[in-house]
Every structure is written in structure tokens, then in C-alpha cells.
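One structure coming up, written as C-alpha cells, with questions to follow.
Chain letters run A, B, ... following the sequence lines, proteins first and then strands; every chain starts at 1.
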Amino acid sequence: MVGGLRAADDGSEQALAGWVHRRRNLGGLLFVDLRDRSGVVQVSFGPDWTEAGSLELAQQIGHEDVILVHGVVAARPEGARNEDMATGEVEIRARSLRILSDARTPEIPVYRAPEDELPAEELRLQHRVLDLRRRELQQNLVLRHRLVLETRNYMDRHGFIEIETPILTKATPEGARDYLVPSRVHKGEFYALPQSPQIYKQILMVSGFDRYFQIARCFRDEDLRADRQPEFTQIDVEASFVEVEDILGWMQGLVASLADVAGIDAPLPFPRMTWYEAMDRYGSDRPDLRFELEIRDWTDATAEVDFGIIRTQVAAGGRVRGLLLSDGARLSRRQIEELEGVAKAAGAPGLLWAKRADDGTSGPLGKFLSPGQADAMGLRVGDLALVAAGSDTLTSPTLAAVRDAAARVMELPRVREHAWLWVTDFPVFIEEDGVLAAGHHPFVMPHADDLELLETDPARVRGTAYDLVYNGTEFGSGSIRIHDPELQRRVLRVLGLDDAEIDQKFGFLLAALAAGAPPHGGIALGMDRIVQRFTGSSSLRDVVAFPKTTAARALFEGAPTPVGPQELEALGLTLRTGKVNEGEQGA
RNA sequence: GGGGCUGUAGCUCAGUCGGUUAGAGUGCCGGUCUGUCACACCGGAGGUCGCGAGUUCGAGUCUCGUCAGCCCCGCCA
């Protein structure tokens, strides 16, 4: 390994192999920066120490050739040391050279000068074999390995065993779209790739594997984002005879040890907040607590303000909520318009605001505020209030988005660099367009105190569900599960399923629960996101070796591809539209 | 499904108001050079301006469509 060579190695014989990173040909002398996974070291070729044949051969080597060098580590001459290089005190005086493999001229450079831009991402994905030689990506994947290793070690130390669950599995009726795999043996029938091993791990609990985990690959056929790939890896955990406290304790211990591997601060225990409190104070179930800015309820303070939007929204049962930006009056009109744009993008019709200066308040709302009303809102001279009126389901996401944007625009100081948070007591159901849906998934155990509300007021039923949040990113999500088949059936009925549907879709889970199920619960942590955040990567694609584009294509391998008529025939499929390979290529 | 940004040499980019033969740096090829490290210097090759229509005497530049990559909304129990 070349990257570890130091002055102390002076005089040692070395046989080093690697890639030609850079070359500098001075005529009589030739320098090659030799690279492998461990780093870069300078190899020098010269007539005084290199065999004649090898010296001649060295003239021919090009970027990214794979070479083998025999030589001696030598301290560099005075004045020829490179302080910017870890191995800059030494070089390898090559006695002989072998070219192990000739490389074509690389389509995209592996080496980059200090100010060079990265090649276009499309090219980086097309030529992934070259892009993956970059030190940044190599380090990302090395850290990923170390985090996976630490996960396995930690879980093993705490008595968990890793069990693999099927990749070819059964379609789940709700949630994300499934990737389907046709069955050749049973024509017209399909396997689904798992969206998560959820049901399998619950069944493992019933079978008595009371502490399970898995580094599990999951698949969802939904549109992509910078932090969303169609296949991803989660740390999947489930345990029996446990309560919320047990899971949170194990998992914050795990995450703290992962953070330690990555050199990130994670003091235990992590702070906690209920879902309701998070929504009320931050408008989000994953607030970024690196900066302090909380939503205020100005319903009472503005009760006497004669402003149409406010009056109609409050009359309809809404609240007046907003953010008070101390010293925010310094924001330009343009910056405030940017915040209004953020509010609109979040689904709000607009964003009200009020600025207070020495000579009074201004702005769409400010014009209507008396000094007393401004005082009641806590608006002081120099401050800016950003206000939304309406139901919480509208104002919360709006103000959450505006909060993040305002923190950026105002350059709010961070009170901590690494903000960890447990958000607990998520509601079991959420109402969307008048229809009840599972807040997390339909297996969440409701709070014992709220069971009586299941059929009467389901929206108020709190669940034993929790999320782990880091700097505003959801790292993971879990709950205590329902282990009573009758209760499980009740919850599914509340979700609008009739008994026939329940038996068809969840029959095997209900049957398993009826076999004597221990109380159990667990969590799933997003491995890719953890690595992304720990490495400071802007995209998941930089922490996955072979990612997909936003159109779910693999540019390097060229997947997906059309299949030929023979393959379709063998599967009993016909295509109504689209591309079929007329080709010879087999399956 | 919707909105936005980008697309010019292998790579990163510039290209004025629509007007002569589309430029630079780097890489590539050839040459000089014994301490370089973004080596230096000399010379050379390299272009379907993403693709297709349209407007125009004339389009890299304007219009429409389309493809690809990226960002966002929807979606992601």
C-alpha cells in the first residue's frame, strides 16, 4: 500500500503496484504519482537507479495504466519535498518497471487540479469505473463499510442475530409501488421485491428469534430525489418483550457508536419531543434543531386585528401562527419575497409579514397592526414577523419550510452542529382528503390510553411510534407493534378494509400472530442517508457504488433493458406497447 | 403527472445585437528538457454547437417540439 510510506521507511525495498495518477516527464528524469486505495506516492525514474529497459518503458506509460514498480524508498533531496502530500517526504526510486495493464485514455479524468470542476454527473455515472477511483468516493464507501461493520458488531454485542429475509416476496397492498418479478413456473403470477422486511421480522418474533436485525436491501418503485433511490439499505431491527424505552436505548447507543466511527458528536441520551410538540413548535415531524427558531401562536395577540384573511381563517377554526425574526427587518424586499416563494412552494396561498421600524409597522399585515398589537406579538423595533393563518395542517408545513429558509437567509447561528432528536407518539392514523391512512404503517400499537378512541375518534389515537432525526433528516422510524390479531383486525377495519380484504392481504400475518405472539417492536434506520449525512454528501448517489439516475436508469450497466420475445414467451407475458428486443440475446 | 435549471472539442467552460474560418484551459499526439509535483517550453490533431422541425438572405444564438442529466412538487403505508 503506497499511501503509508514515510521517512522512516527510507532505504526499504518495495514492490508497489497501482494506477498512474499523474506523470511529469523532465526528459532525463521522469516522475510518476502512483495511486492505490491507500493514497499516492511519487515514483522517480532516472538513469542512475533505473534499469535501461525500464527507463525506456517508463516513457510510454500513460494516465491510469496499471504498473508494478520494484525499487527503494528514498528520502527526497532537500528542497524537493512536497508538504501537501502525505508521502511527500519520500519517493520510490524505481529499479524496474512492469506495465501490468494498458489503460485507454480516460473519458473523464481521475486526477483533478485544485480548482477543477467535477465532470457532469451524467458522465460520472456513465464512466462509474473511473469515477469510483476518486478519493472522495472511495472514502465514502470505506466509511460505509466501517459503519456496516460497526452495526453488525454492536448488534451482536447486544444479543441480536442477523437473519436474511426473502428478496422475492409477496406484493404488499398499500404504500409505495412494488417492483414486480414475473414467475416463470406460475405464469400470470408475480413476486414483489420487498419495500421492507416488516412482516417477516414480525413473524420472526412470533417464531421466537427475540432479537433480530438485518442489513436489508429494500425496493420502492417511486420517483427519485437526491436522497431517494429505488433500492436502498436499511438497518432493520426487531425485538420481543420490549417497550419503547428498550428500542430507543439500544438504537441511540448504536447511532452514537456509528457517529463515533465517523467522528461526529452524539451525546447520549438524545433529546425527545412528542410528535404533537414538534408539529406545534416547528411545524415538522423532523425539525432541524441546529438553530433556535420556534413557531409562535399569535391567534390571541391578533384577535382584534381587522384583517380579512385572519378573521376568516380563525372563524373557520384555524390558528394564526408565525415566526418572529429578531433583527429581521434588515431583510430586503427581495429576501422577503424569497420567503414568500418558499411558503407558496409548500402549498400556502401566501405569507403575511409585518416589519417594525421606529416609525411604526409595515408590510401586508403590519399595516393593520397597532403598536399595542405589535407589542402583544412580541414584535420589537427591527423585528420581522412571518405569519400564516389557517388550519395547522396547512400552516405547519408552510412554516416549517419558511423556518428552514429563514434560518438560511438570516444566517442564524447554529447552537449545535449535530442535532439529534427522538420524535415520539406519532398518530396511528392521518387524515388525507377525508380518508384515513396509516400514519406509519398499519401495525403500530396504539397507546393503551387511546384504544377506546379507535372507532370513535381515530385521528386522535396516539401510537407507540418514534422517529430518529438528525439535523432535520429522518434517519429512522419504528414502533411497538400490535401482537394481538383481534386488535390488528380492528385497526385494519378502521383503515377501511373489510374482513375479506384483510384475510386476503394480511391473513398470513394474522395467522402468525394467533400462533402465540410476544409483545414486540423495532425500527428501521436508513443506512444510505446516515452515510450521506456523515460524509456531507449532497446526494445519495455519492455513497452508493452503482446508483440510479433520477429517471431510475443505471447509466453504467445500462439497466433496464427491453427483453426479447423468447423471454416474454417463457414468462407467459405479452407487451401491449413499448420496446421489445427483436434480438438474439438470451436471458 | 407538473414546474425549474443545464446541454458548444475527450473533460471544464467562453461565445457580444442573429452575420467572416466557433475560441480558451486541460487532456490527447509529436518534439526539447536531470528534481518535478497544476513541471516548463515548441508544434499538431481534435466540433452532427444534445436531436428534429420552424422563422430568416443567414441560426451555437430566436421559436416550437423532443431526448438526457440534475433540483423541486405530486408520490414515497
Fill in the blank from the handout: Residue set satisfying side chain to side chain contact (heavy atoms under 4.5 Å, CB included) with A/Asp223, at least two apart, ordered chain then number -> none

Handout entry: Sequence neighbours excluded - side chain to side chain donor-acceptor pair (under 3.5 Å) pairs with any residue from residues 28-39 of chain A
Key =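 The answer is A/His21-A/Arg35, A/Arg24-A/Asp33, A/Arg35-A/Glu64, A/Asp36-A/Ser38.
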
Problem - N-O pairing of A/Arg6 and A/Asp9 below 4.0 Å - result: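 Not counted as a salt bridge, because no side-chain N and carboxylate O are separated by less than 4.0 Å.
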
Problem - Residues in side-chain hydrogen bond (donor to acceptor under 3.5 Å, both in side chains) contact with A/Arg462, at least two apart in sequence or another chain - result: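 Per chain and number, A/Arg462 pairs via side-chain hydrogen bond (donor to acceptor under 3.5 Å, both in side chains) with A/Asp450.
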
Could you write out each protein N or O paired with an N or O of nucleotides 27-32 of chain B at a distance under 3.5 Å?
residue, atom, partner, partner atom, Å
B/rC28, OP1, A/His63, ND1, 3.3

Practice task
Please identify each residue that fulfils ring pair (Phe, Tyr, Trp, His ring centres under 6.0 Å) with A/Phe443, with sequence neighbours left out.
Solution key: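 Checked A/Phe443 against ring pair (Phe, Tyr, Trp, His ring centres under 6.0 Å); matches are A/His441, A/Phe506.
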
Practice task
Tell me, please, which residues at least two apart from A/Glu13 pass salt bridge (Lys or Arg N to Asp or Glu O under 4.0 Å).
Solution key: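 Listed in chain order: A/Arg95.
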
Completion exercise
For A/Asp288, the side chain to side chain contact (heavy atoms under 4.5 Å, CB included) test, sequence neighbours excluded, returns A/Arg290, A/Phe291, A/Arg403, A/Asp404, A/Asn471

Handout entry: Residues within residues 85-94 of chain A bordering RNA chain B, heavy-atom distance below 4.0 Å
Key =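 The stretch gives A/Glu91, A/Arg93 as the residues lying under 4.0 Å from the strand, ordered by number.
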
Practice task
Kindly state each residue pair satisfying ring pair (Phe, Tyr, Trp, His ring centres under 6.0 Å) with at least one member in residues 59-95 of chain A, sequence neighbours excluded.
Solution key: none

Fill in the blank from the handout: residues 470-481 of chain A vs salt bridge (charged side-chain N to carboxylate O under 4.0 Å, His left out), sequence neighbours excluded, gives A/Glu238-A/Arg481

Fill in the blank from the handout: Each nucleotide of nucleotides 3-8 of chain B classed B (base within 4.0 Å of a protein heavy atom), S (only sugar-phosphate) or -, in 5' to 3' order, makes ------

Practice task
Can you sort out the partners of A/Asp542 under side-chain hydrogen bond (donor to acceptor under 3.5 Å, both in side chains), two or more places apart, ordered by chain and number?
Solution key: A/Arg124

